[in-house]
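One structure below.
Computed from a predicted model, the values in this text were never measured in an experiment. Along the sequence shown, residues are numbered consecutively beginning with 1.
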Amino acid sequence: MATRANHDASRMEGVINDMINRSPHSEGIIKAFKPLLMVRERLTGELLLEPVDHSRINREKLRKGIPCTGQVPFFLQGDPWDIMGLEVAGAVRQGFPYLADDAAMLENGIRSGIVLYKAFSDFPKSIEQAVEKWSGAMNVKPQLVGLVLGAVARIILQAKTNGLGERIAAMGWEKGYCPVCGAHPTIAVIREKITQKWLHCSRCGHEWRFSRMICPGCEQESASGLEYFYVEDKKQETAFTCSHCKRYLITLNHVSDLGDHDRDVSAMSLVHLDIIMQEKGYAPMTWCEWNAIYPNGKPTSVC
């Protein structure tokens with residue numbers, strides 16, 4: 001009998017293959033992340049995680065801009081940290097050959113007693129501290145540690161926020177950063193027919209509605225200074241820019257909700273826009289695994 005986890009992984013593989021067929025220029029980066037995306041979907045569906053009491057999320061605190069992770073613990077000691085860490089490190093080793101030796105060293109470290117839970121004791125600050133500490137102690141690349149911890153965070157947050165979206169929407173969140181985890185979005189979507197902007201967070205997978213006339217980064221509301229950049233005649237694939245904070249946000253215009261999709265895969269397929277906008281002097285709304293552009297083309301940052 002097919003399980004939910006197998007179904008999710010199969011759906012993700014279809015989404016990835018479809019995007020590669022439609023955007024062959026993005027094949028390299030999407031294939032590199034494919035093992036990580038597949039593991040993420042499978043583990044999100046099959047792991048037994050300690051539940052979060054959503055009823056403790058306070059409406060007034062949300063209205064004051066305090067995200068869910070700032071109100072209720074999402075990362076609990078009883079979660080299967082070793083399983084997640086080993087599975088994710090194995091996926092990184094498969095997708096990123098230049099990190100394979102480092103990933104193997106981290107796997108050995110996990111088997112020898114490294115406690116991944118400690119990296120989430122004071123989320124998200126403790127992740128940054130763990131990246132620096134563990135990469136130095138094990139002599140591995142910090143981007144390897146960041147990739148693994150970022151993927152583990154995504155699995156836990158995505159699984160534990162299932163069904164929380166409608167509750168958050170009803171509470172009236174109006175910020176440009178994520179109401180679940182506090183990160184800024186990596187991609188925005190303006191849906192077909194209903195001209196509303198939806199922001200997507202790659203750190204937790206949550207998507208929320210936001211004003212089209214306000215910059216999510218600095219929250220400047222202005223009819224001027226907010227522009228869209230696109231390549232040639234591809235007006236559906238754009239980069240929103242703000243002249244006030246000099247940041248940009250990859251944006252898909254008039255997108256239909258029909259058919260399977262994954263916002264992270266869509267963002268990866270538009271990494272050429274990241275390159276162009278960073279060359280123009282803009283920074284992304286938030287740095288993540290695939291939009292930190294360096295001459296060697298390797299991701300070096302975490303969401």
Side-chain angles (χ1 to χ4, degrees), residues 16 19-34 36-37 92 95-99 128 131 141-144 146-147 150 176-178 183-190 197-203 210 212-255 261-303:
I16 289 171
M19 183 60 73
I20 290 174
N21 289 334
R22 290 191 287 116
S23 305
H25 62 275
S26 63
E27 179 176 5
I29 190 168
I30 294 178
K31 279 191 172 181
F33 279 96
K34 181 177 179 179
L36 205 52
L37 293 167
V92 173
F96 299 92
Y98 78 101
L99 293 176
E128 299 173 4
V131 169
K141 297 178 181 65
Q143 53 264 47
L144 177 276
L147 270 174
Y177 53 87
C178 178
H184 278 92
T186 46
I187 189 170
V189 173
I190 298 175
K197 179 188 284 187
W198 293 78
L199 306 181
H200 171 79
C201 174
S202 288
R203 186 158 73 184
F210 192 70
R212 295 181 64 180
M213 299 305 296
I214 299 176
C215 170
C218 63
E219 298 189 0
Q220 281 278 349
E221 182 174 8
S222 175
S224 61
L226 307 179
E227 300 178 350
Y228 286 90
F229 175 89
Y230 61 92
V231 178
E232 296 175 346
D233 60 345
K234 295 184 177 181
K235 294 185 178 181
Q236 189 178 35
E237 303 172 356
T238 66
F240 163 91
T241 63
C242 176
S243 62
H244 297 282
C245 64
K246 295 295 289 183
R247 289 195 277 183
Y248 71 91
L249 180 63
I250 300 300
T251 303
L252 292 173
N253 287 297
H254 306 299
V255 173
H261 63 264
D262 181 89
R263 300 304 185 204
D264 293 337
V265 174
S266 297
M268 291 176 198
S269 74
L270 299 174
V271 72
H272 58 283
L273 283 177
D274 287 294
I275 296 173
I276 292 171
M277 300 316 299
Q278 290 177 37
E279 288 178 344
K280 289 180 175 290
Y282 290 91
M285 203 63 60
T286 188
W287 296 99
C288 71
E289 296 95 329
W290 57 84
N291 70 12
I293 308 303
Y294 288 85
N296 58 12
K298 300 171 184 175
T300 60
S301 199
V302 294
C303 294

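Under the side-chain hydrogen bond (donor to acceptor under 3.5 Å, both in side chains) criterion, E27 pairs with K31, not counting sequence neighbours. For K246, the side-chain hydrogen bond (donor to acceptor under 3.5 Å, both in side chains) test picks out no residue, with sequence neighbours left out. For T238, the side-chain hydrogen bond (donor to acceptor under 3.5 Å, both in side chains) partners at least two apart in sequence or on another chain are N253. Annotation: side-chain contact (heavy atoms from CB on, under 4.5 Å) contacts of E128 (sequence neighbours excluded): none. Legend: residues meeting side-chain hydrogen bond (donor to acceptor under 3.5 Å, both in side chains) with K34, ordered by chain and number and at least two apart, are E13. Taking A188 as the reference, K197, L199, L249, T251 meet the side-chain contact (heavy atoms from CB on, under 4.5 Å) condition, with sequence neighbours excluded.
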Next item on the list: Let me see the working for F229 and I276 under side-chain contact (heavy atoms from CB on, under 4.5 Å), right down to the final yes or no.
Entry: CA-CA 10 Å; F229 175 89; I276 292 171; 3.7 Å; yes
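A 4.5 Å side-chain heavy-atom check between Q220 and I214 finds every atom pair outside the cut-off. Side-chain contact check for Y248 versus K280: every heavy-atom pair is 4.5 Å or farther apart. V271 places none of its side-chain heavy atoms less than 4.5 Å from the side chain of S26. Within the 4.5 Å cutoff, the side chain of H184 has no heavy atoms near those of the P284 side chain. Considering only heavy atoms from C-beta on, V189 stays 4.5 Å or farther from H200 through its side chain. Using a 4.5 Å heavy-atom cutoff, the side chains of T286 and T186 are in contact. Between M19 and S266 there is a side-chain heavy-atom pair separated by less than 4.5 Å. I16 has its side chain out of reach of D262: every pair of non-hydrogen atoms, C-beta onward, lies at least 4.5 Å apart.
Note that the OH atom of Y177 and the CZ atom of R203 stand 12.0 Å from one another [nearest 0.5 Å]. Annotation: the span from C288 atom SG to D274 atom CG amounts to 7.5 Å, rounded to 0.5 Å. Atoms OH and SG, from Y282 and C245 in turn, are 9.5 Å apart once rounded to the nearest 0.5 Å. The line from SG of C218 to CZ of R247 is 7.0 Å long, rounded to the nearest 0.5 Å. To the nearest 0.5 Å, atom CG of residue N291 and atom CD1 of residue I250 are 8.0 Å apart. Atom-to-atom distance recorded for F240:CZ and R212:CZ is 11.0 Å, nearest 0.5 angstrom.
Across M285 and C215, no two heavy atoms sit closer than the pair CE-SG, 4.3 Å. For the residue pair A267 and W290, the shortest heavy atom distance occurs at CB-NE1, 3.8 Å. Contact record, M268 with I29: O-CG2, 3.7 Å, taken as the closest heavy-atom pair.
Panel note: side chain E289, backbone L147; no donor-acceptor pair is recorded below 3.5 Å.
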